[in-house]
Amino acid sequence: MAQQRNQRSSRRTRAAGVYKNLVTKRRTKKDAASREKAEYLATLPKHPVKRTLARMHPDRVRGFWFSRKGGMMVAKIAGVSALLVLIMVGGLFAYFRKDLDSIRPEQLSQRVSTTVTKYYDRRGPAGGADALLWEDKGDGDYKLVVDGSQINPLMKKATVAIEDKDFYKHGGISITGIIRAVVNNYGGGSTQGGSTLTQQLVKQVFFSDEAQQRGLAGVPRKIKEVILSIEVERMYNKDQILDLYLNESPYGGRRNGVESAAQTYFGVHAKDLTLAQSALLAAIPNQPGLYDPYNPAGQEALVARQHKVLDEMANQGFVSRDDADNAKNQPILDTILPQTSQFNNIKAPHFVQMVRSQLAAELGKATVGKGGLVVTTTLDLRIQKQLEDSFDEMFNPKNPKYKGTPEYAGFKNGAATVADTKTGQVVAMVGSRNYDYEGFGQDNAAIAYIQPGSTIKPLVYAKLFSQHDDPGMNIYGSGTVLPDTKTTFEGGYSPNDADKQFKGNISIRQSLALSRNIPAIRAEAITGVKPTLAMIRAAGDTYYCTQGVDAQVGLASAIGGCGTRMIDHVNAFTTLARGGDYKPQATVLEVRNSENKTLKKWTDSKAKKVIDPQVAYILADILSDDNARAGLYGRNFPGLVVDKGRVKTASKTGTSDVNGKSKDIWMMSYSPALTMGVWLGNPDTTPLKNGNSSLPGVIINKVMTYAHQEVYKKDGRWKEGDWYKMPTGIQKIGSELFPSWYNKNKAQQYQKMTFDKVSKKKATECTPAGARVELNVVTTTDPTTKKQVAIVSDGYDSTKDDDAHTCGDAIPTVSSLLVSPTGGGNYNITAVFIAGKGNLTTAEITVNGTSLGVQQLNGQSSYSTTYHSTDPISVTATVTDDLYYTGSKSSS
């Protein structure tokens, strides 16, 4: 223990000695410094001001800084400054790094994506170039992104040679380049080179909105670029970074990415670029505004920079000097393709532009504007081409088939839409006579508001035929009479028919088939304007009678007095064609974004019943009745009858007018497979000269025949003979159809009535027996006038009496009847006639009660014949005139 205490005591003694020596040395050093300072001050003036001036003498200052003491001071200042700079830079990096938390460098490859939206017909991308309708490059910059294997290696080498020759050596940043850029930005100068390809890529992808900032405002961006560039180099290899750069870089005008540039300027893919072409494209990103090949002011500078690229490639061993010189000698600018509109080569332009607008409204303008979408539409290019061909033929003045129909009729434009009946998908559409037609060709008449004329009438009658809560209203069917007579409706509305005539008491079948106005207006007056319009809109004519003054329309809406859009009108007819089931119209099957995510996909939505199937069937039966409409255009008129009847359709024509003159002509046609509408008219609503609603028939017939026979039949979606099955419950009374809720007791009564065959009016006591005919008459009450009316088939009029006959009429007579035997049992028989009021038509000879046949007189007043008999004979001659009066005489 004593020994341990001695050891501890010895250590304390030694430690105290060390401390004592250090203190002594420090004190000695301090004393020496004090003496040195005192000696120095002793050499200076004592006055404070003079002393200060003396210390600032150049010789003294120079002597201090070049002394050992001055050198130590410099070292200290430099060390402290370096530390402060490191702290400041570290602080700046930490400060700006927080702004980058939302940026994920690993998603860089996803951000470098195609901005061009591609629209395809219903085959989608699998259909290849033939199915491609349009490449939408948008209104701003656009790019096409391709895999690195699809970019020519010469293009990659040219880019590295001119933009970043140390690309494969650095780790993402160039210290000298950063310093140069910082100094330049601080001075507010123009853009300088020096940034690596990695930095340029980061700037283009993440900081494009900040790229124009200069001076101190540009420093934060540069710091962020450096941070992200280091991160990107850590996550991607050099080849990946170079591929991303080539897919993102600007190449003049609106073109981004080497693929879009290659296609635009040279009409080739990036993998097929030549050395000269690669060098030219590599020259552009340095100043894309100046070096835009379509900028004449920059073309000389562009070629000079292209030569510089080639020189750098040769200097760095990427190509031989001879190859570089040969590329320089090529007249590269002469190979640049002409600048064209982005609408060049677009197929179905009106349809595609309509789809683009619909997607912008549904998905947002930002999504559609950003691009990179793959849109598979509902269009069938086979039917579309046939539709376009039919319009080209119609509007070709040299086509002998139509003999200048547009000029003769006075229309300059047209539109058409074809939809799949079952799904409501639009399979073809044209919005004008030709998209490139000067003045109005690009205007889409298929989405313009145009009066549909009489094509609205089937929907008006649909409401009338529907079941009503009031049993007294359930009295309508195809055989119901709605008189076509001069009528003044509520509000003083007194319309006419197109022919300024009236047909009297005719059935709804005849009224609709012959497109009579008064019965249709009566129908809407019965059901009410608002309820009728509600059904029309629910069926698909969503905006009918909603625009401007049309919203205040009255009964004129029953005959197409308001505007509607063709695409909506076609959809309303598809509702009829589906048996009354409404479905939203479809134009898009699928939309996928640049990340291959589905943004929109069509599914066959559940149908909404808006018209009873019985009503839809009755209307289809009327609109397919070629006999009922024969009074308009005759039978088998093309368009009203498709493919000579091999394709059964229901059809309706329509005409709107202004000041009594036709201005819009329509034809609608549908089957269980397809529904189609055609409009012909003028863009400025100028009245037609000789137009009528049969004119669209040639287009309807051609397109509907092709679509059914060549497309739907071959695809197994239609076959000849397809038509609607009569729904259960429909009542068939005679040849007319009535819904199951038809109330016979409150509706029409049936009775026998005798008519005169000559006047086709009710027989009187003066009507001869031969002119009398008994027919079934349907009696009903006019819902507007409340008067009893009757309808008879074949044009008979039950409201008027026979005025072809009077009781005092002169009748034909047989003035003489000669029977002369000639021997051997033979007789000559001769009858001579005298006409009465009517014209002689036939003569008949009977012998012993047996007729020898009826002889047409054809203006003759006598008739002779022979007869053989061994027995005595009794002869009677009878003559008849065209009033069915008869006269006779007998002889034995």
Side-chain angles (χ1 to χ4, degrees), residues 475-485 502-511 513-514 516 519 621-622 625 627-631 730-738 742-782 785 787-812 835-844 846 849 851 853-857 876 878-888:
I475 57 174
Y476 302 102
S478 68
T480 305
V481 173
L482 289 180
D484 181 20
T485 56
F502 303 97
K503 297 291 186 181
N505 295 326
I506 59 176
S507 68
I508 290 178
R509 177 180 295 274
Q510 293 172 296
S511 297
L514 298 176
R516 307 305 295 177
D621 186 71
I622 296 172
D625 189 342
N627 291 325
R629 61 176 170 242
I730 285 185
Q731 305 178 57
K732 190 170 185 179
I733 302 175
S735 60
E736 300 295 353
L737 302 179
F738 298 84
Y742 175 69
N743 191 331
K744 295 180 181 179
N745 296 328
K746 292 183 176 294
Q748 300 169 335
Q749 303 298 320
Y750 294 83
Q751 64 182 46
K752 296 287 187 179
M753 186 177 292
T754 303
F755 290 87
D756 166 40
K757 290 190 289 186
V758 179
S759 65
K760 289 198 170 184
K761 299 175 182 177
K762 290 188 299 181
T764 67
E765 61 181 4
C766 300
T767 303
R772 292 172 176 265
V773 59
E774 191 175 64
L775 300 173
N776 285 321
V777 178
V778 181
T779 60
T780 187
T781 301
D782 182 345
T785 64
K787 294 181 179 179
Q788 282 288 118
V789 294
I791 182 172
V792 194
S793 61
D794 298 326
Y796 284 87
D797 187 349
S798 64
T799 64
K800 297 178 181 178
D801 291 333
D802 172 18
D803 55 5
H805 307 91
T806 59
C807 291
D809 287 342
I811 64 174
K837 180 179 179 180
N839 298 314
L840 300 178
T841 55
T842 62
E844 182 181 24
T846 60
S851 174
V854 176
Q855 176 68 33
Q856 298 293 325
L857 292 179
T876 300
T878 302
V879 62
T880 304
D881 63 15
D882 57 5
L883 295 177
Y884 294 95
Y885 286 125
T886 61
S888 63

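Numbers here simply count residues along the sequence, with the first being 1.
A pairwise comparison of heavy atoms in Tyr885 and Thr806 identifies OH-O, 3.3 Å as the closest pair. Between Pro483 and Pro519, the closest heavy-atom pair is O-CG, 4.2 Å. Residues Pro812 and Val879 approach most closely at CB-CG1, 3.8 Å, considering heavy atoms. Taking each heavy atom of Ser851 and Gly853 in turn, the nearest pair found is OG-N, 3.0 Å. Closest approach of Tyr476 to Tyr742, counting heavy atoms only: N-CD1, 3.8 Å. Shown here for Asp484 and Phe502, the closest heavy-atom pair between the two residues is O-CB, 3.1 Å.
Thr480 is listed as a side-chain neighbour of Phe738, based on a closest heavy-atom distance under 4.5 Å. In this structure the side chain of Thr764 never reaches within 4.5 angstrom of the side chain of His805, judged on heavy atoms.
Counted within 6.0 Å of NZ on Lys503, heavy atoms from surrounding residues, nucleotides or ligands total 12 or fewer; the atom is thus considered open. More than 12 heavy atoms of other residues, nucleotides or ligands sit less than 6.0 Å from atom CD of Glu774.
A donor-acceptor contact under 3.5 angstrom links the side chains of Glu736 and Ser478, judged on distance only.
Note that CG of Asp797 and NZ of Lys760 are 11.5 Å apart. Values are rounded to the nearest 0.5 Å. Note that CG of Leu840 is 11.5 Å distant from CD of Gln856, once rounded to the nearest 0.5 Å. Here the straight-line distance linking atom CD of Glu844 with atom OG1 of Thr876 works out to 9.5 Å at 0.5 Å rounding.
Listed by chain and residue number, Asp756, Val758, Ser759, Asp802 satisfy the side-chain contact (heavy atoms from CB on, under 4.5 Å) test with Ala804 (two or more places apart in sequence, or in another chain).
Using a cutoff of 4.0 Å between basic side-chain nitrogens and carboxylate oxygens, Asp803 and Lys761 are scored as salt-bridged.
For Lys757 and Tyr884, the positive end sits near the middle of the six-membered ring, less than 6.0 Å away and at most 45° from its axis.
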